[in-house]
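Sequence positions, counted from 1, serve as the residue numbers for this chain.
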Amino acid sequence: MIGSTAYLVTLLFASIALLILLINWKTKLHPFLALLITSAVTALAAGEEIGKIPETIAAGAGDTLGETGVVVALGAMLGRLLADSGAIQRIANLVIEHSSPKAAPWIMTGVAFIIGIPMFFEVGLVVLIPVIYAVASQLEKKTGQKKLWYLRILVPAIAALACLHGMVPPHPGPLIAVSGLDANVGMTIGLGLVCAIPTVILAGPVYARWIAPRVKLEPTPELIDQYTGARAEVDQKELRTIPVWLAFVTVLVPVVLMLVHTVVQLVAPESVFEPVAEVIGNPIIAMLAGVVFAAIALGWTSGMGGERIRSSFGDSLKSIAGVILIIGGGGAFNEVLGDSGIGDAVVGATSHLEMNLILLGWFIGILLSFATGSATVGITSATGIVAPLIGDHSGAYVSLLVIAIGSGSIGLNWVNHAGFWFVKESFGMTIGQATKTHMMVQTLVSVFGLIFAFLLSLLFV
């Protein structure tokens with residue numbers, strides 16, 4: 001590898017520029033191909049041996065798809081069955097009938113906040129996407145305002161899920177910092193929620209109201225059909241109506257299973273229940289249980305029958321093949337950036353900075369997350385750098401430091417993050433649209449999280 005810090009930082013920005021050029025310029029390459037080409041070129045420029053480049057790309061794509069790809073596939077199956085059975089429309093109609101259009105984004109914020117407590121960002125979004133599509137499409141019909149409601153509903157969901165993922169234990173990222181800084185878990189959860197609530201409000205429904213008229217997102221008819229079952233409306237007339245309570249229960253099955261694991265981790269981490277809770281709370285197992293429950297409960301209640309359920313599952317997998325490949329391509333790009341030594345170079349450049357610990361932890365977290373495409377790298381490295389500097393700070397201050405580091409790790413979530421591509425492809429966005437929405441929302445969450453953590457830290461210095 002070529003070791004100059006300046007060279008590695010320049011290479012980072014050059015590789016991102018190449019990726020954007022390949023996708024948006026006259027070539028108009030499919031993002032999956034553009035990601036693979038950029039990964040190979042970056043590895044060569046970083047000095048990696050030619051013979052090892054395919055192995056690096058395969059390892060990065062495989063690691064990312066090992067869990068994320070399976071969860072996305074199961075989520076697509078669950079979402080399609082919810083749509084084809086009419087369950088999602090029941091949920092959407094309930095939201096619309098019992099709230100004004102102005103209140104709908106706030107309701108979605110609350111729903112995403114609850115779902116985000118036990119769930120990873122991508123998993124929570126997989127569960128919510130069908131609801132987002134259904135509610136947004138119903139609001140378009142009700143208000144007559146096209147190209148507006150998808151972002152008004154999506155942005156709050158992104159904000160809530162990202163905020164809880166980065167700032168509030170028991171998500172793995174914050175727990176890494178809790179362990180490394182020896183922070184109190186309960187105090188970190190409490191202070192994390194104090195910081196998270198205003199952060200989600202500002203980065204979610206407030207920002208959504210401002211950005212939606214300026215981006216005017218309109219997903220393709222194919223995407224709308226995939227998640228709402230629009231073309232299945234005629235077939236749904238032949239089905240029995242799904243009770244709205246069963247529709248909600250079906251959506252919440254994987255959420256509850258993951259929440260059980262979360263509760264056991266907090267209340268009885270060393271008990272005999274912990275191994276069982278760990279299994280049923282695993283995202284893959286929880287989503288699989290949700291799909292099986294949906295097939296049995298919705299299939300029997302609606303009268304779909306085995307053939308139609310199998311057809312629904314098959315159609316869902318056809319529609320997300322491209323999304324899964326792009327996520328894998330993002331993983332390959334991330335792996336190459338990690339092997340290039342960019343993360344180590346950034347750590348070396350920032351480890352001797354003299355600044356407020358809250359600001360330092362956040363700065364290193366966001367810088368490394370952006371440089372490597374991994375929030376975990378950002379949290380782990382920032383924790384290791386600031387841990388020896390804590391000294392005699394209070395327990396509350398240490399918990400706020402955890403929140404600041406976690407906030408930093410979710411900012412600047414851009415083209416080398418799998419989540420960026422997942423959101424972009426799921427809603428048919430251009431890179432520019434995804435940058436103004438997904439990346440900007442997560443960066444606002446990061447900045448507001450820092451602001452509130454810093455302000456509270458002034459009370460505990």
Check this for me: Trp106, atom CH2, are more than 12 non-hydrogen atoms of other residues, nucleotides or ligands nearer than 6.0 Å? yes

Within 6.0 angstrom of Phe273 CZ, more than 12 heavy atoms from elsewhere: no

Check whether any side-chain heavy atom of [X] sits under 4.5 Å from a side-chain heavy atom of [Y], and report yes or no.
X      : Y      : answer
Ile57  : Leu36  : yes
Leu193 : Phe113 : yes
Thr188 : Val168 : no
Gln138 : Trp149 : no
Gln442 : Leu412 : no
Ile405 : Leu181 : yes
Glu140 : Tyr150 : yes
Val423 : Ile158 : yes

Applying side chain to side chain contact (heavy atoms under 4.5 Å, CB included) to Ile403 and Leu191, what does each step give before you reach the verdict? CA-CA 8 Å; Ile403 295 165; Leu191 290 172; 3.8 Å; yes

Nearest 0.5 Å, what's the [atom1]-[atom2] distance between [X] and [Y]?
X      : Y      : atom1 : atom2 : result
Cys163 : Ile410 : SG    : CD1   : 6.0 Å
Thr143 : Arg152 : OG1   : CZ    : 9.5 Å
Leu128 : Ile153 : CG    : CD1   : 11.0 Å
Phe452 : Leu400 : CZ    : CG    : 13.0 Å
Ile189 : Met167 : CD1   : CE    : 13.0 Å
Trp421 : Phe32  : CH2   : CZ    : 12.0 Å

Step by step, work out the side chain to side chain contact (heavy atoms under 4.5 Å, CB included) result for Leu154 and Thr437. CA-CA 9 Å; Leu154 170 63; Thr437 54; 5.7 Å; no

Check [X] against [Y] and note the closest heavy-atom contact, atom names and distance.
X      : Y      : value
Ala404 : Trp362 : O-CD1, 3.4 Å
Ser446 : Ser407 : OG-O, 2.7 Å
Pro213 : Ala208 : CD-O, 4.5 Å
Ala203 : Val155 : O-CG1, 3.6 Å
Leu288 : Leu74  : N-CD1, 3.8 Å
Val445 : Thr199 : O-CG2, 3.6 Å

Quick one: do Leu151 and Met429 satisfy side chain to side chain contact (heavy atoms under 4.5 Å, CB included)? Show the steps, please. CA-CA 11 Å; Leu151 286 185; Met429 298 179 180; 4.1 Å; yes

Worked check of side chain to side chain contact (heavy atoms under 4.5 Å, CB included) between Ile201 and Thr109: CA-CA 8 Å; Ile201 290 173; Thr109 303; 5.7 Å; no

Taking [X] for the side chain and [Y] for the main chain, is one N or O donor matched with an acceptor at less than 3.5 Å?
X      : Y      : result
Ser311 : Glu307 : no
Ser409 : Gly406 : yes
Ser312 : Arg308 : no

Should Glu55 and Lys52 be marked as a salt bridge (charged side-chain N to carboxylate O under 4.0 Å, His left out) after you check the CA-CA gap, both sets of side-chain angles, and the distance that decides it? CA-CA 5 Å; Glu55 180 182 340; Lys52 291 185 178 180; over 6 Å; no

